[in-house]
Amino acid sequence: MNVFYARHVCRVTPMPEFVQRAFDQLGYVYNYMNGPSEFHVVGVIKDWDCTNRLSEIRVPTLIISGLYDESTPVINEVLHRGIAGSEWVLLQNSSHLAHVEEPELYMQTVQAFLRRVESALQ
């Protein structure tokens with residue numbers, strides 16, 4: 001599990017204290033929703049799929065993922081194609097916690113998106 005997390009969830013070594021603290025608190029909700037691990041998904045989301053409803057999203061949508069993300073580029077491509085007008089940014093040096101791994105680029109990306117959305121509303 002730790003090898004998987006180090007490759008696909010958080011590539012910062014050592015894991016920042018605030019990230020470790022969050023992982024330490026996952027417990028009940030994670031187990032209920034997902035199951036005991038990434039490799040043993042038996043929770044309530046194991047068969048959940050709303051891909052056919054993505055077209056119902058009609059608000060500006062930013063998808064940010066990392067090249068090494070457990071939410072793979074293939075998965076995010078499905079989201080991007082399914083949500084009309086969405087923007088997808090693939091951060092080249094991140095996994096799942098891009099906001100921890102590339103915080104400056106992540107925040108610049110979010111801020112630029114929000115500026116574009118807000119200017120389109122005016």
Side-chain angles (χ1 to χ4, degrees):
M1 238 359 244
N2 291 334
V3 171
F4 177 85
Y5 279 166
R7 289 182 185 166
H8 303 291
V9 177
C10 184
R11 297 177 60 200
V12 176
T13 305
M15 188 177 290
E17 187 275 331
F18 69 95
V19 174
Q20 186 59 57
R21 200 170 59 237
F23 274 100
D24 292 344
Q25 298 298 313
L26 287 177
Y28 174 78
V29 172
Y30 179 86
N31 194 48
Y32 175 78
M33 292 183 68
N34 189 75
S37 77
E38 303 288 326
F39 306 114
H40 193 66
V41 180
V42 295
V44 296
I45 66 167
K46 84 177 174 84
D47 295 317
W48 185 77
D49 181 3
C50 64
T51 306
N52 64 339
R53 297 189 63 200
L54 291 172
S55 64
E56 296 175 28
I57 299 173
R58 293 186 176 90
V59 295
T61 303
L62 174 62
I63 301 160
I64 302 177
S65 63
L67 183 60
Y68 305 98
D69 202 329
E70 66 180 336
S71 176
T72 67
V74 170
I75 293 168
N76 288 285
E77 179 70 25
V78 170
L79 297 176
H80 179 54
R81 288 179 185 223
I83 304 170
S86 65
E87 295 181 31
W88 175 30
V89 177
L90 180 64
L91 300 184
Q92 298 299 307
N93 298 304
S94 290
S95 61
H96 197 62
L97 299 184
H99 64 287
V100 174
E101 297 160 308
E102 295 184 83
E104 295 84 13
L105 181 56
Y106 186 93
M107 290 307 296
Q108 290 169 0
T109 302
V110 172
Q111 289 170 342
F113 174 77
L114 292 174
R115 277 190 218 103
R116 284 192 302 280
V117 168
E118 289 172 352
S119 69
L121 296 174
Q122 297 176 6

- Task: Show your working on side chain to side chain contact (heavy atoms under 4.5 Å, CB included) between V9 and D69 and close with a plain yes or no.
- Result: CA-CA 6 Å; V9 177; D69 202 329; over 6 Å; no
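- Between R115 and E118, none of the side-chain N atoms (NZ, or NE/NH1/NH2) sits under 4.0 Å from a carboxylate O, so this pair counts as no salt bridge.
- Remark: D24 CG is packed, more than 12 non-hydrogen atoms of other residues, nucleotides or ligands lying under 6.0 Å away.
- Taking the ring centre of Y68 as origin, the terminal cationic atom of R11 falls inside the region bounded by 6.0 Å and 45° from the ring axis.
- The closest donor-acceptor contact from the side chain of S86 to the backbone of H80 lies under 3.5 Å.
- Residues W88 and P73 have side chains in contact (heavy-atom distance under 4.5 Å, counting atoms from C-beta outward).
- There is a path of hydrophobic side-chain contacts, each under 4.5 Å, that joins L79 to V59.
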- Apply salt bridge (Lys or Arg N to Asp or Glu O under 4.0 Å) to E87 and R116, showing your working. CA-CA 11 Å; E87 295 181 31; R116 284 192 302 280; 2.4 Å; yes
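- Using a 4.5 Å cut-off between side-chain heavy atoms of Ile, Leu, Val, Met, Phe, Trp and Tyr, with links allowed through other members, Y32 and V42 fall into different hydrophobic clusters.
- Under the 3.5 Å distance criterion, the side-chain polar atoms of S94 are left unmatched by any main-chain donor or acceptor of L91.
- Few gaps surround OH on Y30; more than 12 heavy atoms of other groups in view lie less than 6.0 Å from it.
- N76 contributes a side-chain N or O that, together with a main-chain N or O of S71, makes up a donor-acceptor pair within less than 3.5 Å.
- The environment of F39 atom CZ is dense: over 12 non-hydrogen atoms of other residues, nucleotides or ligands sit within 6.0 angstrom.
- The hydrophobic cluster containing V12 does not contain Y106, counting ILVMFWY residues as joined when their side-chain heavy atoms lie under 4.5 angstrom apart, directly or transitively.
- Using modelled atom types, one side-chain atom of E101 and one backbone atom of S95 make a donor-acceptor pair closer than 3.5 Å.
- For N31 against P36, the heavy-atom pair with the smallest separation is OD1-N, 3.2 Å.
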